[in-house]
Amino acid sequence: MDSATSEPRTTSAPRTTSETRTPLDASADNGLKIVIVGGFGAGKTTMVRSVSEIRPLNTEETMTRAGEAVDDVSGVRGKTATTVAFDFGRITLDSHNVLYLFGAPGQERFWFLWDRLFSGTLGAVVLVDTRRIDDSWYAIDRLEKHGTPFIVACNDFGGPAFTPEQIREALDLDPHVPLVTCDARSRESSKLVLITLVEHIRALYADLSRAPRQELV
Amino acid sequence: MSRPGRDDAPDRLYTLTQGRSRSGPDNPFDLVTLVVAECDPVPGMQSEHAAILRLTGRPAAVVEIAAELELPVSITRILLSDLLAAGRVSARHPRKAAVPDPDILEQVLVGLRNL
Ligand SMILES: Nc1nc2c(ncn2[C@@H]2O[C@H](COP(=O)(O)OP(=O)(O)O)[C@@H](O)[C@H]2O)c(=O)[nH]1
Ligand SMILES: [Mg+2]
């Protein structure tokens with residue numbers, strides 16, 4: 001653990017806002033992203049909260065109807081701008097690496113902003129409520145097209161139990177994509193979901209480097 | 001006057017960034033770029049700039065700054081480019097690569113297992 005004195009700015013910095021904010025180590029220098037995608041009520045915020053070291057925060061991005069993020073600020077003045085909201089949490093992995101977890105709704109309009117917000121993401125968890133499996137079709141489709149590594153996690157709401165085969169079938173899931181069940185309210189279970197994703201990513205890229213001509217689609 | 005944020009009139013956002021446009025493709029700030037203040041706020045500074053400097057005494061990600069300021073990410077990125085250009089903040093960008101560095105993936109796994 002770095003001591004506060006290792007970073008001169010820390011002592012001279014004005015301390016104004018809520019001390020409830022947990023500051024990062026002064027040595028933190030590499031932000032990483034994982035996105036949790038799922039329909040409304042699938043448990044995204046719950047999962048972020050279960051593993052995050054900060055209370056999940058909410059923010060938004062503004063985009064025009066054409067799908068451009070509003071960086072031409074005058075564009076906001078027209079009537080064509082809409083916003084998409086997403087929440088996020090944070091996990092300090094070590095003194096350099098900080099993992100940010102984003103909860104993103106899988107709905108269509110959000111995908112206009114995917115590149116903008118989530119380029120460079122390590123991978124995604126598709127969080128599925130098995131009572132509403134079809135909520136996930138669109139997200140899976142987009143992730144596949146995009147070449148973003150992902151796994152599927154079924155959040156157990158105590159509905160009728162499906163076999164993994166039934167779920168794979170309903171999702172038309174590629175056999176190499178890991179499928180796990182989880183309880184987003186549990187820290188341990190949510191942690192395992194993330195570990196499964198990162199192990200999957202590692203295996204994918206290890207395969208790629210062994211077979212360089214293989215395309216990741 | 002309400003806090004800047006979601007219910008803002010577009011004109012308010014326009015004023016915040018002085019109508020400046022491009023946060024563009026060349027804006028270097030990623031959602032998880034870690035920003036660190038290089039100076040203290042000074043009197044007369046735009047209040048959002050001062051707020052950013054107060055939030056970044058220790059590293060804070062762009063997305064955290066946006067959430068704290070209750071501003072859209074794109075507007076926050078414009079404010080940050082101003083501060084960066086003026087040398088008032090520094091930026092630690094994520095190490096981006098077409099394929100993730102296996103060492104980093106290993107570090108992520110170790111970090112997660114230690115949670
Ligand atoms: N039974 C059960 N309820 C859950 C689980 N995960 C989330 N919930 C509940 O489902 C509701 C919606 O979860 P939320 O995280 O807000 O969904 P989001 O819209 O995807 O962010 C909340 O009331 C949660 O408490 C779970 O694993 N099991
Ligand atoms: Mg939510």
Side-chain angles (χ1 to χ4, degrees), chain A residues 7 9-10 12-17 21 23-26 28-33 51 54 57-62 69-74 76-78 81 83 85 88 90-94 96-100 102 116-120 122 187 191 194-195 198-199 201-202 205-206 208-209, chain B residues 5-6 10-11 13-14 16-17 19-24 27 30-34 36-38 40-41 51 53-64 66-68 70-75 77-78 92-97 99-100 102 104-115:
Chain A
E7 225 274 9
R9 280 275 331 139
T10 312
S12 60
R15 295 251 144 256
T16 48
T17 41
R21 263 179 29 91
L24 288 174
D25 280 0
D29 63 5
N30 191 36
L32 298 149
K33 298 178 239 191
V51 288
I54 55 169
L57 293 170
N58 192 269
T59 191
E60 64 187 16
E61 183 56 303
T62 307
V70 176
D71 49 19
D72 179 353
V73 182
S74 55
V76 188
R77 314 181 95 189
T83 56
F88 65 93
R90 186 180 87 195
I91 299 172
T92 297
L93 295 167
D94 55 45
H96 291 281
N97 296 303
V98 189
L99 176 61
Y100 287 86
F102 295 93
R116 174 86 172 197
L117 295 174
F118 301 132
S119 72
L122 288 175
R187 178 178 169 85
K191 187 179 130 178
L194 297 178
I195 290 172
V198 179
E199 282 175 341
I201 296 166
R202 189 175 58 172
Y205 289 122
L208 281 183
S209 57
Chain B
R6 12 204 80 95
D11 280 344
L13 297 181
Y14 186 80
L16 269 186
T17 54
R20 204 129 20 72
S21 43
R22 311 312 305 177
S23 73
N27 185 304
D30 189 274
L31 219 48
V32 298
T33 294
L34 297 171
V36 187
E38 293 295 337
D40 292 333
L53 294 181
R54 281 192 294 269
L55 285 170
T56 53
R58 294 254 213 120
V62 170
V63 70
E64 293 176 280
E68 293 282 348
E70 302 194 339
L71 286 172
V73 172
S74 48
I75 304 293
R77 284 162 33 120
I78 297 174
R92 302 173 184 176
H93 299 296
R95 291 172 208 142
K96 275 202 187 156
V99 165
I104 297 277
L105 287 179
E106 200 54 50
Q107 289 161 24
V108 173
L109 274 176
V110 168
L112 287 173
R113 291 196 182 110
N114 285 342
L115 270 189

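It should be emphasised that the depicted structure is a prediction, and the values quoted were computed from it without experimental measurement. Chain identifiers are assigned alphabetically (A, B, ...) following the order of the sequence lines, protein sequences preceding nucleic acid strands; residue numbering begins at 1 within each chain.
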May I have the step-by-step check of side chain to side chain contact (heavy atoms under 4.5 Å, CB included) for B/L31 and A/F102, ending in yes or no? CA-CA 10 Å; B/L31 219 48; A/F102 295 93; 3.8 Å; yes
Minimum-distance pair of heavy atoms, taken over all atoms of A/A28 and B/R92: O-NH1, 2.7 Å
Would you name the heavy atoms of A/D94 and B/Q107 that are closest together and state the gap between them? OD2-CB, 3.9 Å
Counting only heavy atoms closer than 4.5 Å, note whether A/N97 contacts chain B via side chain, backbone, both or neither. side chain
Where do A/Y205 and B/V99 come nearest, in terms of heavy atoms and distance? CD2-CG1, 3.7 Å
By a 4.5 Å heavy-atom criterion (distance strictly below it), what part of A/I91 contacts chain B: side chain, backbone, both, or neither? side chain
What part of B/L112 is in contact with chain A, defined as an atom under 4.5 angstrom from a non-hydrogen atom: side chain, backbone, both or neither? both
Pair B/L109, A/E199 - check side chain to side chain contact (heavy atoms under 4.5 Å, CB included), show working. CA-CA 8 Å; B/L109 274 176; A/E199 282 175 341; 3.8 Å; yes
Any chance you could measure A/L24, atom CG, to B/T56, atom OG1, to the nearest 0.5 Å? 11.5 Å
Walk me through it: do A/K33 and B/D30 pass the test side chain to side chain contact (heavy atoms under 4.5 Å, CB included)? CA-CA 10 Å; A/K33 298 178 239 191; B/D30 189 274; 2.9 Å; yes
Could you pull out all residues at least two apart from A/R187 that satisfy side chain to side chain donor-acceptor pair (under 3.5 Å)? none
Point-to-point distance, once rounded to the nearest 0.5 Å, from OG1 of A/T62 to CD1 of B/I75: 6.5 Å
Less than 4.5 Å apart, side chain to side chain, heavy atoms only: is that true for B/E106 and A/R202? yes
Between B/R77 and A/E61, does any NZ, NE, NH1 or NH2 come within less than 4.0 Å of an OD or OE carboxylate oxygen? no
Over all heavy atoms of both residues, which pair between B/E64 and A/I54 is shortest? Give the atoms and the distance, please. OE2-CD1, 4.3 Å
Treating A/K191 as the side-chain partner and B/L115 as the backbone partner, does any N or O pair qualify as donor plus acceptor under 3.5 Å? yes
So, for A/L122 and B/P100, which heavy atoms are closest and what is the spacing to 0.1 Å? CD2-CB, 4.1 Å
Would you say B/R95's side chain and A/N30's backbone share a donor-acceptor pair under 3.5 angstrom? no
Locate the shortest heavy-atom distance separating A/L57 from B/A67; write the atom from each residue and the value. CB-CB, 3.9 Å
Is A/L32 close to chain B through its backbone or its side chain, or both, or neither, when contacts mean heavy atoms under 4.5 Å? both
Steps toward side chain to side chain contact (heavy atoms under 4.5 Å, CB included) verdict (A/I195, B/R113): CA-CA 7 Å; A/I195 290 172; B/R113 291 196 182 110; 3.8 Å; yes
May I ask you to name which of B/P102, B/A61, B/A51 has the most heavy-atom pairs under 4.5 Å with chain A? B/A61
Chain A shares the most heavy-atom pairs under 4.5 Å, among B/V63, B/L105, B/V108, with B/V63
